[in-house]
Amino acid sequence: MKMNLPASFTEYTRALLGEEEYNSLATALLEAEQLVSIRVNAQKCTDSSSVISHSSLNKVPWAECGFYLNQRPAFTFDPLFHAGCYYVQEASSMFVEQALKRYLPGRPLAALDLCAAPGGKSTHVRSLLPDGSLLVANEVIRNRAQILAENLTKWGHPDVVVTNSDPSDFTPLEHLFDFILTDVPCSGEGMFRKDETAISEWSAENVEICWQRQRRILTDIWPCLNPGGLLVYSTCTYNTKENEENVRWLCRELGAEVLPLDVPAEWGITGNLLAGEDFPVYRFLPHKTQGEGFFLAVLRKVGEAEETASEDISMMQTGRMNADKQSAGKQRGKKGNVGKASSGSAFGKEQLAMVQGWLRDAEGYTLMPEGQTLAAFPTAWLPLLTALKQHVKVMQAGVELAGVKGKDCIPAHALAMSSLLRQDAFACEEVDYPTAIAYLRKEAVVLSDTAPRGFVLLTYRGFPLGFVKNIGNRANNLYPQEWRIRSSYVPEQPETLGNEE
């Protein structure tokens, strides 16, 4: 049974929208079915029909790889979901794509998703950044940061750093980022249809807390944006206090410039609702757009656009960048050398050479041994990583490639998910649906008689699922214990995305 909307929310929003439009919104929130949408990972699926049947589906108009589903399948039991072939993301939030496509330059960029968990926008931004770019995805809450890291690992792009810090920890890193996404914590009015808890927890007092917290976050992170850089501000709420009034404050107090986007009228997106103001903002109302509540504004930091020079980032130890960015910036994105094992590393030269052979493009990445694990990180961005580690907590950098156990050099699950994987470096075994689900439950897996001994890459419908170590009568399951499917439900057939006739 649906709950009633809070009285103070009703009073405020009716005054904001008018009687007729508010009634339409309230009906949509309390009675309409929530839409289900996904975004296909084009890096892994060059043809999205390999993941989803298009015959009975609609595209999300503002996202090239976004699709609405006719119904909500049990994603947990779709191996392609675990393989990172798509991400289940609310359609309205995919509108971020319009800002990046309109305003990001084509050169490599340093980007930050400041409030990133669980990872929908981070995976989306990572897919849209120019080649050679680096994404830093941050989440202040530890357990949510772990979920963020998992989702980015499954998405498979190696040029990512996951951090777990308060926005204020970034403040000394002046002019570090060319693009910042601030999907700030908000009162959650746009989640009323999706989550009834959002209704019960809403209060006018919390709205007041939220807009003040949002300004604190923006104040903390603004110094990190490069002059000429882009900041996208977004919330999942309707009121102007957390939306237009914060954008106006950004312009007046921090000198931001609001930028317009080209939005076709048929998308049904609502503009500025703040009396006396007409700067461009974009509000999704579920009775007018196909999605949940969402608000977005695009802002530019006034100043001449500069290239963030990865060579010079090491000079940020005092929080200042004062070297010649133009000359050093030309070096960004060039191929680098593969690093060597440091003293005390568990990896010897032969093991490093073997792991390097597992990669499609080792050139341009540095192999970074740390204790019993080995990761690859883009060489051009090592100075940025060094600067980050001086101020924020880095949970994950680049892609983990391998670990050492006894005499074995064990391929990491992250490698199986990564675009760096050279798939023909391993024996591959295509598995059926029941075997794929058993693997994802971290159960014992039995391979065919023709499967060779040693490390084998399992694939499902041609997509890498993860590694096992085949010892003959069985295969040791190397799927991460903490990611396993815990449900005892046993599906007989795979869930399908769309109705296939």
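Only a predicted model underlies this, so the values are computations on that prediction, with no experimental measurement involved.
Under the rule for a side chain to side chain donor-acceptor pair (under 3.5 Å), R484 has no partner lying at least two apart in sequence or in another chain. Remark: L35 engages Y68, Q290 in a side-chain contact (heavy atoms from CB on, under 4.5 Å) (not counting sequence neighbours).
Judged by distance alone, with hydrogens and angles left aside, the side-chain atoms of N164 form a donor-acceptor pair with the main-chain N or O of E139 at under 3.5 Å. Within the 3.5 Å criterion, the main-chain N or O of M417 finds a donor-acceptor partner in the side chain of K44. Between the side chain of N138 and the backbone N or O of L114, at least one donor-acceptor pair lies under 3.5 Å.
Relative ring orientation between F9 and W202 is described as perpendicular, the plane-to-plane angle rising above 60° on a 0-90° scale split at 30° and 60°. Ring pair Y86/F81 is tilted by interplanar angle, where 30° to 60° counts as tilted.
Side-chain rings of F284 and F95 approach one another, their centers coming within less than 6.0 Å. Taking the ring centroids of Y479 and H413, they lie under the 6.0 Å cut-off.
Both tests pass for K59 against the ring of F67: distance under 6.0 Å to the centre and angle within 45° of the axis. Because its NZ or CZ atom is not both nearer than 6.0 Å to the ring centre of W62 and within 45° of the ring axis, K101 does not count as a cation-pi partner of that residue.
Counting only N and O atoms by type, the side chains of N243 and T235 include a donor and acceptor under 3.5 Å apart. At a cut-off of 3.5 Å, with distance as the only test, a side-chain donor of N239 or E242 sits close to an acceptor on the other residue. In the model, Y22 has a side-chain atom that pairs as donor or acceptor with a side-chain atom of T10 under 3.5 Å.
Within a 6.0 Å sphere centred on CD of E11, heavy atoms belonging to other residues, nucleotides or ligands number 12 at most. In this structure, E33 places its CD atom where only 12 or fewer heavy-atom neighbours from other residues, nucleotides or ligands lie under 6.0 Å away.
Each of R283, R193, K194 was scored for a salt bridge (Lys or Arg N to Asp or Glu O under 4.0 Å) with E292, with one residue passing: R193.
Nearest approach of R144 to P118, heavy atoms of both residues: NH2-N, 4.2 Å. Of all the heavy atoms in S187 and C210, the pair that sits closest is N-SG, 3.5 Å. What you find for D166 and D220 is that their closest heavy atoms are OD2-OD2, 4.4 Å.
Applying the ring-ring contact (aromatic ring centres under 6.0 Å, His included) rule to pairs touching residues 222-249 yields nothing, sequence neighbours excluded.
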